[in-house]
Trainee: 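This is the structure I have questions about; it appears just below.
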Amino acid sequence: MYLHILHSFTDRGILVASSGQLATAAGVNPAILRKDLSHVGAQGVRGVGYDVGRLTARLAMVLHTDSVHTVALAGAGHLGRALLAHTGHGRGFRVAAMFDADPDLIDTTIEPGGPAIAPLSAIADVCAGHGAGAIDVGVIATDDSDAQTACDAFVEAGVRQLLNITPRTLNTESDVVVRQVDLALELQVLAFNASRPRVTTASAGQSAGA
């Protein structure tokens, strides 16, 4: 999150940022932010703040985003394409392989110079090094019915870092790290939070009337 905020500051032309500015953008206490950054050896100048460029470089090095990591994307639909569009711009990722179950998409490309879409059945073979080279992260953006199959194929190929953006809960080996991002669930959480003030207000009004 801190690195993302620093990139946004750079885009806005901000060269120096105080701990207060960074903390506000991150939604944390300034003391917590200073403590977090001290763990990676980043120190601001009292009364001045942090050099945005230097801090960005420091965090990028610590988080290993200063090198390019290869990604294999299972699911070339709207959600997968949206994810593909946001992996560039210096974020340290390159989509090296793409897969889909739609026969009409096989052997087509999403963007010039990008990988040709292969069938889902080719995940294990391609990601095992027979086409895309070593894959650091596998992304699952398939239909729900294909999610576990794609997961099993990635694991078979030796991919141990998976991002699952389907609502399907995946069963994996103990050494496989799965990050679950359920967009519908996130919307439900926000909808619940948005409804709470209205419920409180309504309850207060009923109490006052009583």
Side-chain angles (χ1 to χ4, degrees), residues 1-8 10-11 40 55-183:
M1 181 185 294
Y2 293 151
L3 189 57
H4 175 71
I5 290 168
L6 288 166
H7 282 307
S8 71
T10 299
D11 291 341
V40 298
L55 183 56
T56 300
R58 181 65 183 175
L59 287 181
M61 181 182 68
V62 171
L63 298 175
H64 303 293
T65 61
D66 54 342
S67 57
V68 177
H69 300 278
T70 53
V71 175
L73 174 62
H78 294 301
L79 193 56
R81 293 177 188 223
L83 181 66
L84 177 63
H86 288 83
T87 55
H89 308 294
R91 297 198 175 189
F93 299 97
R94 177 179 67 86
V95 177
M98 295 184 67
F99 309 91
D100 202 89
D102 186 348
D104 292 335
L105 293 179
I106 305 304
D107 293 327
T108 66
T109 58
I110 302 300
E111 57 185 13
I117 299 173
L120 289 179
S121 58
I123 289 178
D125 186 56
V126 172
C127 293
H130 301 292
I135 297 296
D136 298 314
V137 180
V139 179
I140 301 174
T142 63
D143 291 338
D144 295 354
S145 58
D146 292 322
Q148 186 63 54
T149 299
C151 171
D152 293 341
F154 279 133
V155 173
E156 180 184 344
V159 180
R160 289 296 183 267
Q161 306 290 327
L162 299 176
L163 174 64
N164 179 27
I165 51 180
T166 77
R168 177 78 179 269
T169 299
L170 302 176
N171 298 314
T172 64
E173 299 175 8
S174 59
D175 64 334
V176 177
V177 177
V178 179
R179 292 281 295 179
Q180 178 84 33
V181 179
D182 187 336
L183 299 181

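Basis for what follows: all heavy atoms, side chains included, without hydrogens, waters or symmetry-related copies.
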Trainee: Can you name the closest pair of heavy atoms from Ala76 and Arg81 and give their distance?
Mentor: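 Ala76 and Arg81 have their closest heavy atoms at O-NE, 2.8 Å.
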
Trainee: Would you confirm whether Glu156, through its side chain, and Cys151, through its main-chain N or O, come within 3.5 Å as a donor-acceptor pair?
Mentor: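 Such a contact is absent between Glu156 side chain and Cys151 backbone.
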
Trainee: Quick one: sort the Phe93 and His69 rings into parallel, tilted or perpendicular, breaks at 30° and 60°.
Mentor: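 Tilted: the ring planes of Phe93 and His69 meet at 30° to 60°.
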
Trainee: Check Thr166 against Gln180 and note the closest heavy-atom contact, atom names and distance.
Mentor: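 That would be O-NE2, 2.5 Å.
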
Trainee: Checking the side chain of Asp146 only, and the main-chain atoms of Ala150 only, is there a donor and an acceptor separated by less than 3.5 Å?
Mentor: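 Here the side-chain-to-backbone pair does not exist.
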
Trainee: Check for a donor-acceptor pair, side chain of Arg58 on one end and backbone N or O of Val40 on the other, with a separation under 3.5 Å.
Mentor: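 Answer holds: yes.
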
Trainee: Against Ile117, only a single residue in Thr108, Asp104, Asp102 fulfils side chain to side chain contact (heavy atoms under 4.5 Å, CB included); can you say which?
Mentor: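 When side chain to side chain contact (heavy atoms under 4.5 Å, CB included) is applied between Ile117 and each of Thr108, Asp104, Asp102, only Thr108 qualifies.
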
Trainee: Tell me whether Thr70 contacts the main-chain N or O of Arg94 through its side chain, where contact means a donor paired with an acceptor under 3.5 Å.
Mentor: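 It does not hold such a pair.
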
Trainee: Suppose we screen for side-chain contact (heavy atoms from CB on, under 4.5 Å). Which residues come up paired with Ala141, at least two apart in sequence or across chains?
Mentor: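 Here the qualifying residues are Leu73, Ile165.
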
Trainee: Check whether any side-chain N or O of Arg160 sits under 3.5 Å from a backbone N or O of Val155 as a donor-acceptor pair, and report yes or no.
Mentor: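 Judged by distance alone, yes, a pair lies under 3.5 Å.
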
Trainee: Between Val159 and Cys127, which heavy-atom pair has the shortest distance, and what is it?
Mentor: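 For Val159 and Cys127, the tightest heavy-atom pair comes out as CG2-CB, 4.4 Å.
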
Trainee: Measure the OH-CG distance between Tyr2 and Leu55 for me, rounded to the nearest 0.5 Å.
Mentor: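 Between Tyr2 OH and Leu55 CG, I get 10.5 Å after rounding to 0.5 Å.
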
Trainee: Which value, rounded to the nearest 0.5 Å, describes the distance between Asn164 atom CG and Phe154 atom CZ?
Mentor: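 CZ of Phe154 is found 10.5 Å from CG of Asn164.
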
Trainee: Ignoring hydrogens, what is the shortest heavy-atom contact between Ala97 and Val126? Give both atom names and the distance.
Mentor: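 Smallest interatomic distance, heavy atoms only, reads CB-CG1, 4.1 Å.
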
Trainee: To the nearest 0.5 Å, what is the distance between CG on Asp143 and CG on Leu79?
Mentor: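 Separation between the atoms: 11.0 Å.
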
Trainee: Say you draw a straight line from CD1 of Ile5 to OG1 of Thr10; how long is it, rounded to the nearest 0.5 Å?
Mentor: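 So the gap between those two atoms works out to 12.0 Å.
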
Trainee: Which pair of non-hydrogen atoms, one from Ile135 and one from Ala96, has the smallest distance, and what is that distance?
Mentor: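 Result for this residue pair: CD1-CB, 4.2 Å.
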
Trainee: Looking at CG of Asp144 and OG1 of Thr169, how far apart are the two atoms once the value is rounded to the nearest 0.5 Å?
Mentor: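 Rounded to the nearest 0.5 Å, the CG-OG1 separation comes to 10.0 Å.
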
Trainee: Locate the shortest heavy-atom distance separating Phe99 from Ala72; write the atom from each residue and the value.
Mentor: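 Of all heavy-atom pairs spanning Phe99 and Ala72, the closest is CE1-CB, 4.1 Å.
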
Trainee: Enter the distance from Leu170:CG to Leu162:CG here, rounded to the nearest 0.5 Å.
Mentor: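 Between Leu170 CG and Leu162 CG, I get 7.5 Å after rounding to 0.5 Å.
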
Trainee: Please evaluate residues Gln161 and Asp136 with respect to the criterion side-chain contact (heavy atoms from CB on, under 4.5 Å), reporting the C-alpha separation (whole Å), side-chain torsions for both, the decisive distance (0.1 Å), and the verdict.
Mentor: CA-CA 7 Å; Gln161 306 290 327; Asp136 298 314; over 6 Å; no

